[in-house]
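The structure under discussion appears below in the form of structure tokens.
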Amino acid sequence: MPVIAVKNLQKSFGKNNVLRGIDTEIKKGEVVVVIGPSGSGKSTFLRCLNRLEDVTGGEILFEGQPITDKKHNIDKTREKMGMVFQQFNLFPHKSVLDNITLAPIKLQGLSKVEADKRAEALLQSVGLADKKNAYPAQLSGGQKQRIAIVRALAMQPHVMLFDEPTSALDPEMVGEVLDVMKKLAEDGMTMVIVTHEMGFAREVGDRIVFMDGGVIVEEGTPEEVFGAPKNVRTQDFLSKVL
Amino acid sequence: MLRLKRIIPMLMALLMLTLALYPGHGQANAQSALSADEKRTLTIGLSPDFAPYEFLMTVDGKSKVVGSDVMIAEEIAKDMGAELVIREMSFDSLIPALQSGRIDMIISGMTPTDERRQNVDFSDLYYTSRQVILTRSEDVDKYKTMDALQGEQIGVQTGSIQEEIANSIPDAQVTAVKTISDVVSLLSSDRVNAAVFEGPVAEAQVKNRPGIAIAEAVPEDSDTPMAIAVQKGNTELVNEINVTLERLRATNAVDGFIQQANELNSGETAPSNIFSFFWKYRGFYADGVKYTLLLSALGVLFGFLIGLLIALLRLSGVKILKWIAVTYIEVLRGTPMLVQLLIIHFGLASAFDIKFSVLQSGIITLSLNSSAYLAEIFRAGIQNVDKGQMEAARSLGMPRGMAMRTIIIPQAIKGVLPAIGNEFVVIIKESSIVSFIGVADLMFQANAVRTLTYSGLYPLVIAAGIYLVMTLILSKLLNVLERRLSAGDSR
């Protein structure tokens with residue numbers, strides 16, 4: 001059973017049809033990288049997966065359950081789907097440690113001690129153990145994004161969603177964030193990543209999904225999509241970004 | 001940091017405590033006075049700025065209501081075997097207070113006019129005074145007849161019999177103010193040229209304030225009888241009162257009381273230095289500050305909570321809730337706080353028999369009023385928090401309510417702290433209107449000192465100074481809080 005199954009997903013904002021029928025499946029341990037020109041609907045697609053956007057039509061199954069169903073408790077599902085945003089969205093009024101431990105304590109009933117232990121281990125793994133008492137405003141962009149990843153991981157999610165995680169970073173900080181993501185992929189995390197980092201997509205992605213105009217135009221292994229794109233729009237896009 | 005979960009039960013407990021500590025005094029007393037309990041109380045209402053009938057004196061640094069009306073009331077209470085309780089309030093609050101059962105009777109130099117008889121019942125007359133015209137000493141020859149007053153600027157006390165007399169003078173421009181000392185201030189500050197006064201009251205003023213005198217002109221029909229007012233239909237009480245009045249009449253006791261009261265009212269010599277003035281009457285101001293602080297603190301506290309709730313309703317996205325919140329805000333912001341206060345204190349009492357004590361009414365009014373302003377402040381604060389904050393919290397699995405509580409609201413409040421601080425300062429100042437219904441707050445005490453000392457300026461300047469000190473201290477405290485909360489912004 002795939003972790004996520006998307007069936008004929010549609011989303012419109014008013015008269016603007018952003019997603020016009022998406023069908024795909026994400027398997028356990030798979031790293032799927034979504035690429036495409038801006039306005040192609042790739043971010044909207046990602047945000048539909050944990051229902052930050054309500055879908056207009058179609059169905060999404062998470063571990064077999066139809067999460068697009070109105071009666072489904074999406075909060076419980078979101079605990080299993082970590083999300084990382086372009087703008088980090090750390091909680092500025094809380095320390096790094098509190099940012100990370102808030103959800104595990106409130107939602108999973110961890111004690112403060114357990115949560116702190118979990119947070120510190122994760123901070124160690126991204127090289128930010130010394131920042132646990134800092135506040136977000138005291139951190140660089142790259143540090144913030146690594147903390148944001150740790151915050152999502154602290155809930156021990158089954159899937160991680162990344163919405164252009166390096167687009168708001170200064171170029172010299174992109175590497176440290178991608179390194180963390182690469183390590184995560186190596187550890188077997190199921191990941192869906194929307195990004196413009198083609199080198200990273202090629203290196204880390206198990207499957208590349210190229211979207212344009214609200215549909216999946218082409219998908220395949222990095223070798224297939226980057227090496228021998230079949231569709232004209234894919235070729236056109238890749239010629240501009242590579 | 002805001003820990004709403006812990007704070008709310010605490011506040012609820014506080015609210016209960018407040019309401020429990022201050023039961024509807026008037027209500028309780030009215031009932032016990034009517035039933036023949038062994039420990040009966042007689043609660044009277046008066047406006048103590050009407051020397052020699054009723055006025056304030058400092059006794060051991062505390063103010064005490066004295067006067068001939070008080071002596072009569074003591075006789076009535078004695079004959080009834082009841083304990084006398086005196087409630088001070090502005091003259092025009094007396095009849096509403098009687099109608100709403102907060103007091104048993106009014107003895108405040110009140111004349112039984114036909115208009116008043118429609119609303120309350122009166123005892124037999126206990127005294128008849130004449131009316132006189134008070135002017136500045138240098139103008140005293142100008143007003144030898146009533147005709148000289150035509151088209152003149154005349155000052156009177158609101159809702160008094162003198163106001164009616166003044167209104168009957170052709171073309172007179174009548175200025176009505178709340179207290180006798182305000183009327184005299186109008187006169188000495190040239191804002192009016194004459195004032196209509198009760199004879200003995202005018203004499204007391206002339207004795208204590210320089211520069212004013214009684215003119216020769218005498219209003220027609222100037223004999224003004226006085227009687228005691230009770231709730232309409234309470235003939236039992238009227239009969240009891242009449243028995244005592246009959247006894248007093250037989251010995252001409254009332255004239256004696258007025259004589260005695262006039263002697264009491266020889267005028268306190270208030271210090272001419274503002275600092276010694278303040279020191280002498282510090283007890284009044286200290287009492288007033290206590291009430292002002294209590295009212296403001298509770299008003300702000302409940303205003304804060306209600307305001308937050310209203311802001312959340314407004315932003316809930318549910319149409320009907322939003323509509324309720326908007327209506328609430330618009331109505332409370334769009335009507336004067338004084339009107340709200342009077343509706344809550346007198347209106348609810350007479351229409352629905354809901355009798356809050358003066359303090360309860362004051363707290364409720366301040367809370368509701370500030371909640372409307374705070375709700376809009378909170379709304380702005382919440383809308384200013386970055387949208388990504390809510391998304392991040394929800395993406396972790398937090399339900400909307402939890403995300404609001406732990407992530408959005410703390411940031412929102414931090415962002416609007418200066419605006420909230422402003423609102424707190426406003427509440428401290430605006431709380432002064434509760435003196436209108438007789439809460440003994442700082443403003444009320446300042447007025448008491450004014451009446452007591454016949455001094456127009458110092459009591460108010462001192463009150464202003466105390467308000468300023470309170471608001472400055474509050475501003476400082478809020479600055480400290482702001483700095484603490486901005487810990488996360490430091491680099």
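The sequence lines fix the lettering, A, B, ..., with proteins before strands; numbering per chain opens at 1.
- For the set Q86(A), E79(A), Q87(A), M83(A), the entry with the most heavy-atom pairs within less than 4.5 Å of chain B is E79(A).
- The part of M81(A) that comes within reach of chain B is its backbone (N, CA, C, O), which places non-hydrogen atoms under 4.5 angstrom from that chain.
- Here the two rings, on F85(A) and F162(A), have centers that are 6.0 Å apart or farther.
- Side-chain contact between L442(B) and S432(B) is absent, with no heavy-atom pair separated by less than 4.5 Å.
- When all heavy atoms of N99(A) and F91(A) are compared, the pair lying nearest together is OD1-N, 2.8 Å.
- Of the atoms belonging to R151(A), heavy atoms from both backbone and side chain fall under 4.5 Å from chain B.
- Taking a 6.0 Å sphere around CD of Q124(A), one finds it holds 12 or fewer heavy atoms contributed by other residues, nucleotides or ligands.
- Looking at L90(A), the atoms closer than 4.5 Å to chain B (heavy atoms on both sides) all sit in the backbone: N, CA, C or O.
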